[in-house]
Amino acid sequence: ICPTPPPREHRARSLIMRKTFKYVSILLIITVSIVVNLSAADYHVTTTEDHVEGSLRAALILANQGTAASRIYLPAGTYILTGPAKEDANAGGDLDFDTGGSIELIGDGAMVTTIDGNQNDRVLHIINGTVTVRGVTLRNGRSPDGAVEPAQTTNLHAEPGGAVSN
């Protein structure tokens with residue numbers, strides 16, 4: 001005895017279900033791929049020098065280009081910032097954070113990892129985005145405009161200073 005084949009409409013439904021499953025699976029794979037590409041990017045600084053490949057500034061320039069979360073890892077050392085102050089494109093002076101996402105600076109510990117503004121400019125300039133700093137000392141920042149307006153300094157001595165501009 002041969003079993004009776006299922007009616008034509010059952011076969012059609014079965015075919016539709018298989019195709020739907022196939023397309024949903026493909027869509028899920030594409031979605032997971034996109035999410036993986038949007039996940040955090042890690043940058044590892046390999047030199048304490050400024051304006052060279054592997055530097056903190058070079059890592060920040062790359063991190064600023066993304067819209068996802070980024071982490072920049074700094075090994076122990078003193079990172080002295082150089083170059084012209086009062087610009088917002090990371091050409092020199094302070095480190096300009098201008099991202100659509102968030103950037104985290106992670107040092108080996110505040111006692112052994114230092115970013116030094118070299119008394120030239122602020123250390124960090126947060127233009128856009130969220131910035132978190134852990135395990136890092138910021139020192140020798142200087143506000144290019146001074147801490148107090150000149151008209152207010154009649155009997156007051158004010159030293160310029162500042163590590164972060166936000």
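Ile126 and Val133 fall within the same hydrophobic cluster, where Ile, Leu, Val, Met, Phe, Trp and Tyr residues are linked whenever their side-chain heavy atoms come under 4.5 Å apart, directly or through other members. Taken together through direct or relayed side-chain contacts under 4.5 Å among Ile, Leu, Val, Met, Phe, Trp and Tyr, Val52 and Ile61 form parts of separate hydrophobic clusters. By the criterion of side-chain heavy atoms lying less than 4.5 angstrom apart, applied directly or through intervening Ile, Leu, Val, Met, Phe, Trp or Tyr residues, Val131 is grouped together with Leu60 in one hydrophobic cluster.
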Show the atom names and distances, to 0.1 Å, of all donor-acceptor pairs under 3.5 Å that link a side chain in residues 75-82 to residues at least two apart or in another chain.
residue, atom, partner, partner atom, Å
Tyr79, OH, Pro75, O, 2.7
Thr82, OG1, Asp50, OD2, 3.4

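Judged purely by atom type and a 3.5 angstrom limit, Asp94 has no side-chain atom pairing as donor or acceptor with the backbone of Leu124. Checked by atom type and distance alone, the side chain of Thr137 pairs as donor or acceptor with a backbone atom of Ala110 at under 3.5 Å.
With sequence neighbours excluded, no residue forms a side-chain hydrogen bond (donor to acceptor under 3.5 Å, both in side chains) with Asn128. Remark: Ala63 pairs with Tyr43, Ser70, Ile72, Ile103 by the side chain to side chain contact (heavy atoms under 4.5 Å, CB included) rule, at least two apart or across chains.
Evaluated for a side-chain contact (heavy atoms from CB on, under 4.5 Å) with Val136, the options Leu74, Leu56, Thr114, Val112 yield exactly one hit, Leu74. A side-chain contact (heavy atoms from CB on, under 4.5 Å) with Leu95 holds for exactly one of Asn64, Asp121, Ile115; it is Ile115. A salt bridge (charged side-chain N to carboxylate O under 4.0 Å, His left out) with Asp116 is found for one member of Arg142, Arg139, Arg122 and no other, namely Arg139.
To the nearest 0.5 Å, atom OG1 of residue Thr47 and atom CZ of residue Arg57 are 13.0 Å apart. Considering CG of Asp88 and NE2 of His125, their distance stands at 5.0 Å, rounded to 0.5 Å. Atom CZ of Arg71 sits about 8.5 Å away from atom NE2 of His44, to the nearest 0.5 Å. Note that CG of Asp108 and OG1 of Thr113 are 4.5 Å apart. Values are rounded to the nearest 0.5 Å.
Between Asn120 and Ala85 the shortest heavy-atom distance is O-CB, 3.4 Å. Closest approach of His51 to Ser55, counting heavy atoms only: N-OG, 3.8 Å.
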Inset, instruction - I would like to know whether Ile127 and Phe97 meet side-chain contact (heavy atoms from CB on, under 4.5 Å); could you show each step before the answer? - result: CA-CA 6 Å; Ile127 299 166; Phe97 291 80; over 6 Å; no
